[in-house]
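Naming: A, B, ... by sequence-line order, numbering from 1 per chain. Keep in mind that the numbers below use all heavy atoms, side chains included, and drop hydrogens, waters and symmetry copies. Keep in mind the model is a prediction, meaning the values are calculated, not measured.
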There are 2 protein chains.
Amino acid sequence: MTVTINDVAQAAGVSKGAVSYALNGQPGVSDDTRERILRVARELGWKPNLRAKSLSSAKAFAVGLVVARDPRLLGTDPFFPAFIAGIETTLVEHEYALVLTVAASADAEELAYRKLAADSRVDGVILTDMRVDDSRIALLQSLKIPAVTLNRPETTSPFPAVCMDDTEGIAAAVEHLVSLGHTRIGHVGGPQSYIHGRSRRLAWQNAMSKAGLEAGSFIEADFTAAGGLAATAELLRSAQRPTAIIYANDLMATAGQSYAQSLGLTVPDDLSITGYDDTELATYLNPPLTTVPADPLLWGRVAAQQLLSLLGGAPAEDIYLPSPKLVVRASTGPAPSMPKN
Amino acid sequence: MTVTINDVAQAAGVSKGAVSYALNGQPGVSDDTRERILRVARELGWKPNLRAKSLSSAKAFAVGLVVARDPRLLGTDPFFPAFIAGIETTLVEHEYALVLTVAASADAEELAYRKLAADSRVDGVILTDMRVDDSRIALLQSLKIPAVTLNRPETTSPFPAVCMDDTEGIAAAVEHLVSLGHTRIGHVGGPQSYIHGRSRRLAWQNAMSKAGLEAGSFIEADFTAAGGLAATAELLRSAQRPTAIIYANDLMATAGQSYAQSLGLTVPDDLSITGYDDTELATYLNPPLTTVPADPLLWGRVAAQQLLSLLGGAPAEDIYLPSPKLVVRASTGPAPSMPKN
DNA sequence: TATGTCTACTGAACCGGTTCAGGGAGCGCT
DNA sequence: AGCGCTCCCTGAACCGGTTCAGTAGACATA
């Protein structure tokens with residue numbers, strides 16, 4: 001039925017071992033023999049059997065991604081699909097596959113990594129949504145699974161990181177708003193247990209103080225539309241109501257914008273709004289959203305490259321991707337001279 | 001290092017074969033011996049080696065999903081992440097893994113299936129986004145990969161389908177609008193090469209004629225925000241401008257709604273709008289979107305169950321999931337007595 | 001007691017590769 | 001001629017399971 005290395009060996013009149021050497025480009029066969037073996041293999045239509053290769057070489061030829069997210073909320077995050085697509089563009093060139101796991105809880109997440117390790121399903125993993133004091137670093141070390149992290153965690157990590165600075169974009173948003181005359185700029189952030197939730201808040205804080213402004217109100221939300229709405233409602237209720245709000249992602253910004261409009265406020269005349277991610281929808285909102293592109297496609301591609309070269313024995317060095325630049329659209333405008341109340 | 005079946009055999013004082021029989025619950029060992037072997041295996045902490053199992057049993061213990069979508073647009077579709085999460089909830093209970101592939105073009109898609117087959121990466125696949133006259137049916141048959149399809153394709157297919165009727169929801173949207181006095185109801189659909197693009201258009205058409213109305217304008221768009229906007233612009237430019245538009249997904253509906261608002265139209269006073277999917281954001285738009293839930297989580301879970309039972313040798317029978325019901329929110333309202341122009 | 005049947009188990013082949021020890025041939029050097 | 005070295009290749013072990021043919025022993029049957 002299927003052609004094995006044995007068939008090739010027989011047809012070429014050599015031993016199994018010689019065929020293996022020839023096919024893998026290893027020394028141990030003369031150029032003549034090698035060429036003959038390769039020709040015979042081609043003629044017979046030989047294809048390597050991945051399972052056999054896996055068993056004897058103790059490799060999976062696959063990398064893993066564990067997405068820890070409430071399944072019901074997973075669909076709302078535009079990051080992952082594009083990120084996965086980026087990973088794939090790299091993997092497909094290297095005959096690697098992607099094994100994807102979705103974990104609903106922290107326990108399920110740990111279990112997922114343990115399963116991947118126990119079954120040797122993957123040769124390495126990519127860690128996203130890095131958390132402050134992330135327990136996965138130690139877990140993966142103990143499981144002896146190589147990894148690549150998105151951005152460098154604050155705790156010591158032996159794994160290379162692929163970094164994309166998000167503080168610059170947030171700082172640019174603050175500066176942009178300040179230049180428009182805003183002084184009360186609030187921030188609706190993501191969970192502060194995530195390093196990207198935290199770094200965006202700090203970026204906002206620093207940019208505010210750099211501009212000589214008080215840091216204004218901060219609300220910790222959860223990257224969901226519902227959370228964005230609730231946070232917006234709270235900010236707009238406050239006595240010193242902000243004239244501009246910087247959101248940590250587009251989804252919250254969109255919900256916030258819709259909510260403000262439903263109160264009769266005009267964006268950007270009464271309230272300026274910025275997001276983060278630059279989702280496709282951002283351009284098509286009314287008004288279109290000022291935001292910062294996240295480029296998950298690039299991030300995924302580079303992270304996979306980094307992981308593969310790590311698996312190939314390359315030293316673990318961090319890679320820095322260019323910082324995304326603020327995209328100004330119509331959701332930001334001059335600060336109102338007399339804010340509505 | 002790791003405990004193998006050999007170690008267990010030696011420790012239990014039996015042969016390798018006996019251990020295999022005992023661990024797999026097969027006949028050929030006495031109850032006493034079986035129990036002893038199981039105890040020893042437990043004591044030694046034996047874990048089956050998936051790679052060895054794969055090689056000798058010629059199974060991959062994994063299922064595949066090939067997503068054919070432009071990577072840049074993948075992030076905009078809320079269906080996939082939730083669908084994948086649904087698949088996972090089933091797989092995780094059966095020690096199966098999910099191998100995910102993203103293909104940008106039709107060629108890449110076919111290649112992806114061929115790769116999965118050549119490498120025997122998966123034991124079966126799930127087909128989404130079924131197309132009219134879908135070439136994948138024949139391809140998978142020739143590759144001898146079992147499959148499950150989402151909805152039954154029109155061409156003869158030997159694979160079981162997991163069906164969720166989307167016509168009922170669209171019909172309900174039409175009836176809802178008709179009851180509000182609308183007579184000019186347009187439809188912005190997905191590509192008609194997809195069966196769900198087609199079935200939604202036909203559902204709209206049928207419901208219109210059932211209500212005694214002319215089928216109004218239809219625009220074939222592409223499920224993207226940009227496409228939704230362009231289609232909306234075209235509809236609103238037309239002489240017999242619709243007072244309501246039924247979109248084939250939320251993303252296009254959202255873009256359409258924003259566009260209409262940017263023209264100075266009020267939703268729903270001047271234009272009623274319905275979507276499809278019931279994404280998280282739909283609730284938080286201004287106004288909140290009347291739409292039809294798609295329940296990708298359930299769909300994924302059931303599709304995976306169906307595939308696993310097919311792999312287990314069960315007969316290929318279609319499964320019908322309950323039809324989702326229209327969710328009425330504020331983007332639909334009474335038809336304007338004197339439509340704005 | 002001889003024969004047949006069944007159960008419980010063993011030993012080895014097998015899945016399809018990788019890898020390693022070892023051996024024969026050819027060559028250069030003394 | 002004898003020695004050592006390198007090159008090329010073979011045969012077998014190995015990865016860790018599954019599976020099958022064969023066999024020893026217990027037991028029933030004639």
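As a whole-Å value, the separation of B:Asp7 CG from D:dC14 C1' is 14 Å. Atom CD1 of A:Ile37 and atom C1' of D:dC9 are 10 Å apart (whole Å). Taking atom CZ on B:Arg51 and atom C1' on C:dG17, their separation rounds to 13 Å, with Å as the unit. D:dG16 atom P lies 15 Å from atom CG of B:Leu23, rounded to whole Å. The distance from atom CG of A:Asp32 to atom P of D:dC8 is 10 Å, rounded to the nearest whole Å. One interatomic measurement links the two molecules: CG of B:Leu55 to C1' of C:dT18, which rounds to 12 Å at whole-angstrom precision. The CG atom of A:Asn6 sits 13 Å away from the P atom of D:dA12 (whole-angstrom rounding). Protein atom CD of A:Glu35 is 13 Å distant from nucleotide atom P of D:dC9, rounded to whole Å.
In the set D:dC20, C:dT10, D:dG17, C:dT10 carries the atom at the smallest distance from any side-chain atom of B:Ser15. Considering only the side chain of B:Val29, C:dC9 comes nearest among C:dC9, D:dG17, C:dG16. Side-chain proximity of B:Tyr21 to the nucleotides D:dT10, C:dT10, D:dC20 is greatest for D:dC20. Closest to the A:Ser56 side chain, of the nucleotides D:dC8, C:dT18, D:dT18, is C:dT18. The side chain of A:Thr4 approaches C:dG16 more closely than any other nucleotide in the set D:dG16, C:dT10, C:dG16. In the set C:dT18, D:dG11, D:dC15, C:dT18 carries the atom at the smallest distance from any side-chain atom of A:Lys53.
The base of D:dG17 lies close enough to the side chain of B:Lys16 for a donor and an acceptor atom to sit less than 3.5 Å apart.
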Please walk me through it: do B:Lys53 and B:Asn49 pass side chain to side chain contact (heavy atoms under 4.5 Å, CB included)? CA-CA 6 Å; B:Lys53 243 176 122 151; B:Asn49 180 312; over 6 Å; no
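A donor-acceptor pair under 3.5 Å is formed between the side chain of A:Asp123 and the backbone N or O of A:Ala60. Listed for the B:Arg36 side chain is a donor-acceptor partner under 3.5 Å among the backbone atoms of B:Ala12.
Heavy atoms of A:Val14 sit under 4.0 angstrom from primed sugar atoms or phosphate atoms, though from no base atom. At a threshold of 4.0 angstrom between heavy atoms, the contacts of A:Ser30 are confined to the sugar-phosphate backbone, with no base atom among them. Nucleic acid contact for A:Lys59: none, since no nucleic acid atom lies under 4.0 Å from a heavy atom of the residue. Across all strands shown, B:Asn24 has heavy atoms under 4.0 Å from sugar-phosphate atoms exclusively, and none from any base.
Shown here for A:Lys16 and A:Ile5, the closest heavy-atom pair between the two residues is CG-CG2, 3.9 Å.
Applying the 4.0 Å criterion to OP1 and OP2 of C:dT18, one finds that A:Gln26 has every side-chain N and O outside that range. Residue A:Asn49 places none of its side-chain N or O atoms closer than 4.0 Å to OP1 or OP2 of C:dC15. At least one side-chain nitrogen or oxygen of B:Trp46 sits closer than 4.0 Å to the OP1 or OP2 atom of D:dG17. B:Ser20 has no side-chain polar atom (N or O) that falls below the 4.0 Å cut-off from OP1 or OP2 of D:dG17. Regarding contacts with the backbone of D:dG17, every side-chain N or O of B:Ser54 stays at 4.0 angstrom or more from both OP1 and OP2.
With the nearest nucleotide of DNA chain C identified for both B:Gly17 and A:Ser57, B:Gly17 has the one nearer the 5' end.
For B:His196 and B:Phe79, the distance between ring centers is not under 6.0 angstrom.
Tested against A:Glu109, the residues A:Arg69, A:Lys115, A:Arg131 include a single salt bridge (charged side-chain N to carboxylate O under 4.0 Å, His left out) partner, A:Arg131.
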